[in-house]
Amino acid sequence: QKTERETTDKRGAHCSLHGEKLLLFCKHDKEPLCLVCQTSKKHKDHPVCPVEEAVLDLKEEIKPALNLIQEKLKRFTETEQECEKTAKHIRSQAQHTERQIKVEFEKLHQFLREEEEARLAALRQEDEQKSRIMNEKRENITRHISTLTDKITAIEKVMDAEDTSFLKSYKSIRERAQCTLQNPELLSGALIDVAKHLGNLKFRVWEKMLGVVQYTPVVLDPNTAAPWLSLADDLTTVRYTDTKQEYPDSPERFSWCVNVLGSEGFTSGKHSWEVKVVNKPKWDIGVVNESISRKGHITYSPGTGFWVIMLRNGCKYYAGGVTHLTLKRKPQSIRVQLDYDMGEVSFFDSSDMSVIYTFKDTFTERVFPFFSPCTNKDTNEGPLQISPVKVSVTIMSSH
């Protein structure tokens, strides 16, 4: 086998036309030549070089393309791993979300079960009360019936007696025949108030449910949250943690700065929400363009798509990229008000609705609520929390 391979190698190193060794390389035709080929009409005047030199030059020429392919392979491999990580996270998200859905519906089921029991108890109470009254009424009437029956029997007996006996008994029977009983009357409101128990039942239960459910005009989007952030299950609270979560990377997620966006973007209209900042010494709140950079370092300014106010060191307020702010007191809750069509983002102290700052600009794309609880370096452990709003029902009467 060794001899055959050597023969094959030997044949491969010789010109198939002339049997001579392939010692040269034609740069024009990009093929190896023997000395006879070089002098042939086909390769005459073509630039040639030694095979060894050509090999080195061509390998160097191919290296960039090989490096590019290797780099692409690396990127594809990394992306494959990221896809696998994302698929695992999707399953985890689905399982967690399913558990939370069941928890929330169990709360609703429990409310409905308790409400059902309360309404059935009210019905039973009315049933018992009115049945007791009716029974007492019947017993009273039964006693009167018995009394009257006795009277009638006694009177009829005397009436049938002989004349002398009748006359002897007349005085007593006349007194007995006197009846002062009032005629019986049926009770008003004796029946079960069915309308009270069934009228608009579902609506009244739903209206009462408004007292136990919450509505927040903005909820957080966990798919945008930086890996160091922890969101509450109801997606209304965000806090910084020292532990980096193994979230899959995606174009939506902030990968460096500890930021998170609201789940819904706006392209028109007026919108507002309140954020509890309590005594945190650092936070960033506002509105941002959908197209902002979510990777690497971020600079706040309207020019980069950020309409944000900030607090630093517990007392220094800023309108991001615009100016320092002077506040009379430290707000515990900030109201953010967006008027997309007028191009305004306003911030208020929720306690008295005094204006903190108003950005005026022109919006040209979808914008999102923006939140950053910042890091814990300054004992900044408190969360940012979006406040629920009171929901009320107004019934319009028809004419």
Side-chain angles (χ1 to χ4, degrees), residues 215-221 224-226 236 238 251-252 254 256-278 280-374 384-390:
Y215 171 76
T216 49
V218 169
V219 295
L220 304 172
D221 182 358
T224 66
T236 64
V238 56
E252 298 84 10
F254 289 95
W256 182 256
C257 296
V258 288
N259 304 330
V260 62
L261 300 183
S263 64
E264 182 183 359
F266 308 112
T267 55
S268 64
K270 295 180 180 180
H271 311 273
S272 64
W273 55 96
E274 291 192 10
V275 186
K276 292 181 181 178
V277 296
V278 198
K280 286 175 64 62
K282 290 174 65 177
W283 47 255
D284 308 329
I285 298 170
V287 172
V288 299
N289 276 335
E290 183 175 20
S291 63
I292 59 166
S293 170
R294 306 188 190 193
K295 312 298 179 184
H297 183 70
I298 291 174
T299 301
Y300 295 156
S301 76
T304 57
F306 289 82
W307 296 270
V308 174
I309 64 170
M310 311 145 58
L311 170 63
R312 294 293 182 269
N313 301 323
C315 59
K316 297 180 180 179
Y317 294 88
Y318 304 88
V322 179
T323 183
H324 293 258
L325 300 173
T326 302
L327 277 64
K328 294 179 180 178
R329 60 177 168 273
K330 186 175 183 178
Q332 298 297 292
S333 179
I334 304 291
R335 181 181 180 89
V336 185
Q337 188 167 291
L338 165 68
D339 188 332
Y340 190 98
D341 303 316
M342 291 297 292
E344 293 182 355
V345 182
S346 299
F347 300 86
F348 303 86
D349 182 337
S350 300
S351 64
D352 60 1
M353 290 304 292
S354 57
V355 179
I356 296 173
Y357 188 76
T358 297
F359 289 96
K360 295 181 182 294
D361 213 323
T362 301
F363 302 119
T364 57
E365 60 177 275
R366 188 181 301 274
V367 297
F368 284 81
F370 174 85
F371 310 86
S372 177
C374 299
L384 291 179
Q385 181 178 9
I386 304 166
S387 300
V389 297
K390 184 175 179 59

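Only a predicted model underlies this, so the values are computations on that prediction, with no experimental measurement involved. Any value given below was found using the heavy atoms of this structure, including those in side chains, with hydrogens, waters and symmetry copies removed.
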Q: Can you say whether the rings of Phe306 and Tyr300 are parallel (under 30°), tilted (30 to 60°) or perpendicular (over 60°)?
A: tilted
Q: Check this for me: Lys316, atom NZ, are more than 12 non-hydrogen atoms of other residues, nucleotides or ligands nearer than 6.0 Å?
A: no
Q: What are the two closest non-hydrogen atoms of Trp273 and Gly286, and how far apart are they?
A: CZ2-O, 4.1 Å
Q: Determine all donor-acceptor pairs shorter than 3.5 Å in which one atom belongs to a side chain in residues 258-269; sequence neighbours excluded.
A:
unit_1 : atom_1 : unit_2 : atom_2 : d
Asn259 : OD1    : Ser372 : OG     : 3.2
Ser263 : OG     : Val219 : O      : 3.3

Q: Could you walk me through whether Phe370 and Val308 pass the side chain to side chain contact (heavy atoms under 4.5 Å, CB included) test, one step at a time?
A: CA-CA 8 Å; Phe370 174 85; Val308 174; 3.8 Å; yes
Q: Got a second to check how far Arg294's CZ is from Thr224's OG1, nearest 0.5 Å?
A: 6.5 Å
Q: Does a donor on one side chain sit under 3.5 Å from an acceptor on the other, for Ser291 and Glu365?
A: yes
Q: Between NZ of Lys270 and CD of Gln337, what distance do you get to the nearest 0.5 Å?
A: 7.5 Å
Q: If we ignore hydrogens and angles and just use 3.5 Å, is the side chain of Asp352 paired with the main-chain N or O of Ser354 as donor and acceptor?
A: yes
Q: Are the aromatic ring centres of Phe359 and Tyr357 under 6.0 angstrom apart?
A: yes
Q: I need the Phe368 CZ to Leu220 CG distance, nearest 0.5 Å.
A: 13.0 Å
Q: Taking the side chain from Asn289 and the backbone from Ile292, do they hold a donor-acceptor pair closer than 3.5 Å?
A: no
Q: Between Leu325 and Ile309, is the side chain to side chain contact (heavy atoms under 4.5 Å, CB included) condition met? List the steps.
A: CA-CA 9 Å; Leu325 300 173; Ile309 64 170; 4.2 Å; yes
Q: Decide yes or no for Lys330 and Cys315: does some side-chain heavy atom of the first lie under 4.5 Å from some side-chain heavy atom of the second?
A: no
Q: Got a second to check how far Trp256's CH2 is from His297's NE2, nearest 0.5 Å?
A: 10.5 Å
Q: Can you list everything that forms a side-chain hydrogen bond (donor to acceptor under 3.5 Å, both in side chains) with Glu290? Sequence neighbours excluded, please.
A: none
Q: Roughly how far, to the nearest 0.5 Å, is the CE atom of Met353 from the CZ atom of Phe348?
A: 5.0 Å
Q: Give the minimum heavy-atom separation between Pro302 and Gly320, together with the two atoms involved.
A: CD-O, 3.6 Å
Q: Just checking, any donor-acceptor pair under 3.5 angstrom between side chains of Ser272 and Arg335?
A: yes
Q: Drop me the distance from Glu274's CD to Ile386's CD1, to the nearest 0.5 angstrom.
A: 11.5 Å
Q: Using a cut-off of 6.0 Å, state whether more than 12 heavy atoms not belonging to Lys360 lie near its atom NZ.
A: no
Q: Just so I know, are the side chains of Leu338 and Val367 near enough to count as touching, which here means a heavy-atom distance under 4.5 Å?
A: yes
Q: Return the minimal non-hydrogen interatomic distance between Tyr317 and Pro331, and the atom names on each side.
A: OH-CD, 3.4 Å
Q: Applying ring pair (Phe, Tyr, Trp, His ring centres under 6.0 Å), name anything that partners Phe363, two or more places apart in sequence or on another chain.
A: Trp307, Tyr340
Q: Mind listing the closest non-hydrogen atom pair of Phe347 and Ile285 along with its distance?
A: CE2-O, 3.5 Å
Q: Can you name the nearest heavy-atom pair linking Leu384 to Asp284, along with the distance?
A: CD1-O, 4.3 Å
Q: Could you tell me whether the side chain of Arg312 and the main chain of Lys282 form a donor-acceptor pair under 3.5 Å?
A: no
Q: Are side-chain heavy atoms of Val345 and Val336 found at a separation under 4.5 Å?
A: yes
Q: Locate the shortest heavy-atom distance separating Ile334 from Ser350; write the atom from each residue and the value.
A: C-OG, 3.5 Å
